[in-house]
Amino acid sequence: MTTLEQLSAGVDRILPENGLAHKLLQARQENRPLVIKLGFDPTAPDLHLGHAVVLRKLRQFQDAGHRIVIIVGSFTAQIGDPTGKNKSRKPLSKEAVMANAATYIKQLGKVIDPTKCEVRFNDEWLGGLGFNAILELLSKVTVAQLLQRNDFNKRFMANMPIALHELMYPILQGFDSLQIDADIEMGGTDQLFNCTMGRQLQEAHGKAPQVVMCMPLLKGLDGNEKMSKSLNNIIGLTDEPSAMFGKTMSIPDALLPEFIELTTSFTVEEKAQLLQQLTAGNNPMHIKKEVATNIVAQYHDEQSAAAAAAFFATQFQPKNFEEMEFKPVSKQSLLLNATEVALLDLCCALKKDNSKSNLRRLITGGGVYINNEKITDVNKVIGLAAGLKIKIGRLTFIELIS
RNA sequence: GGGCAGGUUCCAGAGUGGCCAAAUGGGGCGGACUGUAAAUCCGCUGUCUUUCGACUUCAGAGGUUCGACUCCUCUCCUGCCCA
């Protein structure tokens with residue numbers, strides 16, 4: 001496989017189409033690495049599999065000897081990439097930005113080599129921009145162009161508010177590209193517009209426009225929306241092996257092809273084979289297990305992956321308490337000064353962040369088991385003996401210890 | 001600046017004086033089913049209370065009323081039209 005083929009594999013869109021080939025050629029002729037830009041907003045430092053799709057591609061560039069520049073949107077974070085969903089954001093403190101950036105970069109290391117990438121904060125150049133410089137920048141972009149952007153367009157059409165500063169976001173992001181002379185900007189397909197802005201500004205300033213490479217957006221656990229922390233449908237890069245495995249198993253079967261393609265480290269042949277098994281009607285569960293194992297192995301290791309698979313098999317496949325694993329919780333930590341207590345109170349003590357009403361519903365709804373027996377009476381008196389096993393909801397398994 | 005229309009629980013969106021903790025749909029959470037998942041069906045979805053019920057909530061503050069999400073006043077916020 002040629003470098004070009006490898007680097008363009010799995011990419012949703014390259015703009016212009018022959019841009020990557022052109023840049024690679026140029027790099028060879030000029031004997032220099034390409035500058036590959038990736039921006040991020042330091043507001044949500046929890047990276048997930050969706051981010052990894054882009055990062056894995058970045059890794060390939062890194063391995064091919066190109067220069068990775070990570071732009072921390074320390075300035076633009078104050079605006080927040082306008083999605084229409086979230087209201088205008090509070091400006092983050094300098095400390096918060098730095099802390100978020102640090103955790104971000106740490107997690108970045110799960111996919112790319114953090115020692116071989118440059119990190120820049122965009123308030124370095126945006127923070128001190130004078131008003132005349134801003135006006136000069138704004139003069140390069142028209143309102144009609146900005147309104148072409150999907151979020152803006154939708155909101156405009158739906159009579160939803162668009163604050164003026166939100167319109168600046170793409171322009172500022174483009175300005176970043178100008179500052180670092182990006183050859184290529186990476187992003188998800190949702191970044192197409194913003195990245196294009198970089199091209200435009202570079203051209204307007206007499207520089208070579210960057211090539212835009214958009215990776216497909218990974219869908220989240222619900223199988224519908226894109227993976228995103230605010231939608232609570234992510235598989236986090238730092239999730240524990242068992243959680244990572246379990247979450248992967250919980251994706252809808254229909255999402256499997258996408259996951260095989262975008263999240264696994266299988267070879268092209270292996271991927272094709274898995275897909276073929278799927279269409280041949282093999283039980284998707286087995287294939288999903290392979291995918292889950294592969295994912296866990298990537299972010300942890302083979303042993304953890306195998307352990308997570310085994311854990312899943314014992315914890316969620318049978319209904320028998322004997323084989324399941326329970327998290328030990330000491331009686332003292334519950335602060336219940338009694339030897340026996342009503343089920344509801346026990347649940348309250350164990351799930352402190354749930355409201356009592358909510359737990360009451362859970363119990364009456366049949367979601368609570370004690371020692372392998374479903375209990376629906378909230379008043380059922382439970383003896384607090386060591387070894388008591390209790391399951392609350394689908395995911396909480398607790399064993400009392402003295 | 002002027003005119004008009006709006007702000008309802010996670011979201012969308014009904015509700016225009018008591019029958020409203022607030023329809024319906026979505027989402028979420030449980031259960032049944034299941035080979036993980038999906039589909040389907042059932043239940044739940046403000047807080048506290050064993051029950052009766054009590055309490056807090058419909059942008060905010062006041063007011064009218066026995067009683068307000070619903071009426072009045074002011075304030076804040078949003079959109080549209082005109083300047």
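Residue numbers start from 1 in every chain, and the chains themselves are labelled A, B, ... in the order their sequence lines are given, proteins ahead of strands.
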For this session: Send over the distance from A:L231 CG to B:G28 P, rounded to a whole Å.
Result: 11 Å
Seminar exercise, completed: By the Watson-Crick or G-U definition, both distances under 3.5 Å, B:U40 is matched with B:A32
For this session: Classify the nucleic acid contact of A:K289 as base, sugar-phosphate or nothing, counting any heavy atom under 4.0 Å across all strands shown.
Result: nothing
Exercise. Once the angle between the rings of A:F245 and A:F312 is folded into 0 to 90°, is it parallel (under 30°), tilted (30 to 60°) or perpendicular (over 60°)?
Worked result: tilted
For this session: Measure the distance from CG on A:N294 to P on B:U36 and round it to the nearest whole Å.
Result: 22 Å
For this session: Could you check whether A:L256 gets within reach of a base, just the sugar-phosphate, or nothing at all, counting any heavy atom under 4.0 Å?
Result: nothing
Seminar exercise, completed: So CZ of A:F152 and CZ of A:F193: to nearest 0.5 Å the spacing works out to 7.0 Å
Quick one: which protein N/O atoms are closer than 3.5 Å to N/O atoms of nucleotides 79-83 of chain B? Pair and distance per line, please.
residue: B:G79; atom: O2'; partner: A:N159; partner atom: ND2; Å: 3.4

Exercise. A:D222 CG to B:C29 C1': how many Å, rounded?
Worked result: 15 Å
For this session: May I have the distance from A:L255 (atom CG) to B:U36 (atom C1'), rounded to whole angstrom?
Result: 14 Å
Exercise. Over how many whole Å does the gap from A:F259 atom CZ to B:U36 atom P extend?
Worked result: 19 Å
For this session: Please report, rounded to the nearest Å, how far the C1' atom of B:U36 is from the CD1 atom of A:I235.
Result: 13 Å
For this session: Using a 4.5 Å cut-off on heavy atoms from C-beta on, say whether the side chain of A:R67 contacts that of A:I36.
Result: no
Exercise. Using atom C1' of each nucleotide, how far apart are B:C4 and B:A23 to the nearest Å?
Worked result: 29 Å
Exercise. Partner of B:U24 by Watson-Crick or G-U wobble geometry, both contacts under 3.5 Å, or none?
Worked result: B:A12
For this session: Assign A:Y369 to base, sugar-phosphate, or nothing according to its heavy-atom contacts below 4.0 angstrom with the strands shown.
Result: sugar-phosphate
Problem set entry | N-O pairing of A:R155 and A:D151 below 4.0 Å | no
For this session: Grab the CZ-C1' distance between A:R394 and B:C29 for me, whole Å please.
Result: 10 Å
Problem set entry | Between B:U70 and B:C48 - P atom distance, rounded Å | 27 Å
Problem set entry | Gap between atoms CD1 and C1', on A:I287 and B:A38 respectively (whole Å) | 15 Å
For this session: Rounded to whole angstrom, note down the C1' distance from B:U9 over to B:C58.
Result: 8 Å
Exercise. Using the P atom in both, what is the distance from B:G63 to B:C69, to the nearest Å?
Worked result: 15 Å
Problem set entry | Partner set under ring pair (Phe, Tyr, Trp, His ring centres under 6.0 Å) for A:F259, not counting sequence neighbours | none
Problem set entry | For B:C71, the Watson-Crick or wobble counterpart (both distances under 3.5 Å) | B:G63
Exercise. If we only count heavy atoms from C-beta on, is the A:L172 to A:F75 side-chain gap below 4.5 Å?
Worked result: yes
For this session: Give a yes/no answer on whether the side chain of A:K247 brings an N or O atom under 4.0 Å of OP1 or OP2 in B:U36.
Result: no
Exercise. Relative to the 5' end of RNA chain B, which residue comes earlier, A:N224 or A:V368, by the nucleotide with the nearest heavy atom?
Worked result: A:N224
For this session: Check the surroundings of atom NZ in A:K352: do more than 12 heavy atoms from other residues, nucleotides or ligands lie under 6.0 Å from it?
Result: yes
Exercise. Looking only at atom P, what distance separates B:C71 and B:A5, rounded to whole Å?
Worked result: 13 Å
Exercise. Are A:E269 and A:K271 ion-paired here, with the side-chain N under 4.0 Å from a carboxylate O?
Worked result: no
Exercise. Do A:K288 and B:U36 have a side chain to base donor-acceptor pair shorter than 3.5 Å?
Worked result: yes
For this session: Please check if atom CZ in A:R394 has more than 12 non-hydrogen atoms from other residues, nucleotides or ligands closer than 6.0 Å.
Result: no
Exercise. In B/S/- notation, 5' to 3', how is nucleotides 41-54 of chain B contacted by protein heavy atoms closer than 4.0 Å?
Worked result: ---SS-SBBS----
For this session: Scan every strand shown for a Watson-Crick or G-U wobble partner of B:U47, both distances under 3.5 Å, and answer none if you come up empty.
Result: B:A54
For this session: May I ask which nucleotide in the shown strands pairs with B:G79, Watson-Crick or G-U wobble, both distances under 3.5 Å?
Result: B:C4
Exercise. Between B:C52 and B:G46, how far is it from one P atom to the other, in whole Å?
Worked result: 16 Å
For this session: Indicate the atoms forming the closest heavy-atom contact of A:R149 with A:N194, along with that distance.
Result: NH1-OD1, 2.6 Å
Problem set entry | Atom P, compared across B:G28 and B:A22: separation rounded to whole Å | 23 Å
Exercise. What do you reckon, are the aromatic ring centroids of A:F321 and A:F326 less than 6.0 Å apart?
Worked result: yes
Seminar exercise, completed: When A:I392 and A:D253 are each assigned the nearest nucleotide of RNA chain B, the 5'-most assignment goes to A:I392
Problem set entry | Salt-bridge present (A:K140, A:E136; N to O < 4.0 Å) | yes
For this session: Sticking with atom P, work out how far B:G13 lies from B:G7, rounded to a whole angstrom.
Result: 10 Å
